[in-house]
Amino acid sequence: MKVLEELLKIMESGESENISGQELSERLGVSRAAVWKAVDKLRAQGYQIEAAPNRGYKLIKSGDMLSKQQIEALLPEKLREKTEILLFKTINSTNTYGKKLAADGAKSGTVIIADQQTEGRGRRGHSFYSPPKTGLYMSVILRPQGFAADIDMVTVCAGCAVCRAVENLTDRKPMIKWVNDIFIDDKKICGILSEGVTDFEAGSVDSIVVGIGVNVTTDIFPQEIENKAGALNCQIPRSKIAAEIIKQLFECLNSTREKNIAEYKSRSLVLGKEISYFRNNFPRQGRAVDIDQKGQLIVETEDGRETLNAGEISVKL
Ligand code: BTN
């Protein structure tokens with residue numbers, strides 16, 4: 001285990017207690033200078049660690065802090081090797097940054113996570129409310145060579161992954177509102193934004209940045225979304241939720257289209273329901289009857305069947 005990871009583990013197990021530099025250096029098997037350096041790195045990540053002569057170090061209770069070390073430690077070893085976690089206290093948008101990194105050649109499996117976003121983005125130009133300490137905002141860079149599934153399955157996989165993670169960690173039963181909003185008890189607790197990064201020379205999608213925003217304990221929302229938005233409302237550490245989503249995302253990405261679509265359908269909030277939507281700027285209504293193998297929604301209208309591949313739908317919940 002790396003020094004930083006091990007140091008955090010020791011300090012967390014004796015949270016709010018002093019532990020001497022000498023003891024840390026012995027337990028970690030490194031010099032006291034190396035301990036000091038590691039403490040400094042943890043501080044840079046936002047941990048509050050007091051240091052006093054003769055008494056040593058003390059980790060001040062941190063609440064639910066996101067931790068790169070904890071996330072990495074919770075990933076299966078094989079996945080840890082394939083991923084790289086980049087953690088930020090504040091960022092404009094993990095997707096915006098992810099797209100820049102992807103264009104600069106970042107490897108598939110790079111995960112950008114932030115405690116807060118100042119310009120969190122949603123679909124269709126909406127913003128995504130991203131306050132500090134209470135939410136999980138992350139983006140994963142995926143290149144087609146990095147997983148077995150076809151690239152058009154990324155959105156489906158992300159939705160299923162979030163649902164699986166929530167089910168594995170809590171007693172809540174999330175559902176997916178097509179295309180990719182995650183709901184619990186009629187409230188949206190998570191939004192997903194998948195964006196392609198194009199290789200202009202090859203004229204193809206070079207990578208996808210899939211952004212996932214989860215309201216974990218957020219309880220106050222801006223007025224315009226306060227009736228629709230909700231949160232997981234659980235005491236699970238955000239790092240644990242992040243690791244579980246990453247794990248489940250890669251499991252889905254290495255599964256078959258048939259299995260992913262079957263799971264996506266079984267989690268659908270809209271199938272069998274009356275929905276309304278816009279097509280070519282005209283309001284339409286119908287019953288959502290199926291989701292095809294491309295993840296498209298099949299709607300039965302009075303004029304026959306229609307296939308929707310994107311866009312906003314409204315459903316009476
Ligand atoms: C939506 O609900 O319309 C999609 C919301 C997606 C939000 C996530 S949070 C992490 C990533 N970074 C962003 O700026 N957006 C996505």
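Treat the numbers as computed from the prediction; the structure is a model and nothing was measured. As the structure lists them, so they are numbered: ligands from 1, and atoms in each ligand from 1.
- Only one option out of I212, I192, L193 pairs with N180 in a side-chain contact (heavy atoms from CB on, under 4.5 Å); it is I192.
- If you check the side chains of T90 and Q116, you find a donor sitting under 3.5 Å from an acceptor.
- Between V140 and the choices T110, V209, V210, the side-chain contact (heavy atoms from CB on, under 4.5 Å) rule is met once, by V210.
- K259 is linked by a side chain to side chain donor-acceptor pair (under 3.5 Å) to nothing, counting only residues two or more places apart in sequence or in another chain.
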Could you pull out the N/O contacts under 3.5 angstrom between ligand 1 and the surrounding protein atoms?
unit_1   : atom_1 : unit_2 : atom_2 : d
ligand 1 : 2 (O)  : K188   : NZ     : 2.5
ligand 1 : 3 (O)  : R123   : N      : 2.7
ligand 1 : 12 (N) : T94    : OG1    : 3.0
ligand 1 : 12 (N) : N95    : N      : 3.4
ligand 1 : 12 (N) : Q117   : OE1    : 2.9
ligand 1 : 14 (O) : S93    : OG     : 2.7
ligand 1 : 14 (O) : Q117   : OE1    : 3.4
ligand 1 : 14 (O) : R121   : N      : 2.7
ligand 1 : 15 (N) : R121   : O      : 2.7

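- When the side chain to side chain donor-acceptor pair (under 3.5 Å) test is applied to Q293, no partner is found at least two apart in sequence or on another chain.
- With sequence neighbours excluded, no residue forms a side chain to side chain donor-acceptor pair (under 3.5 Å) with N92.
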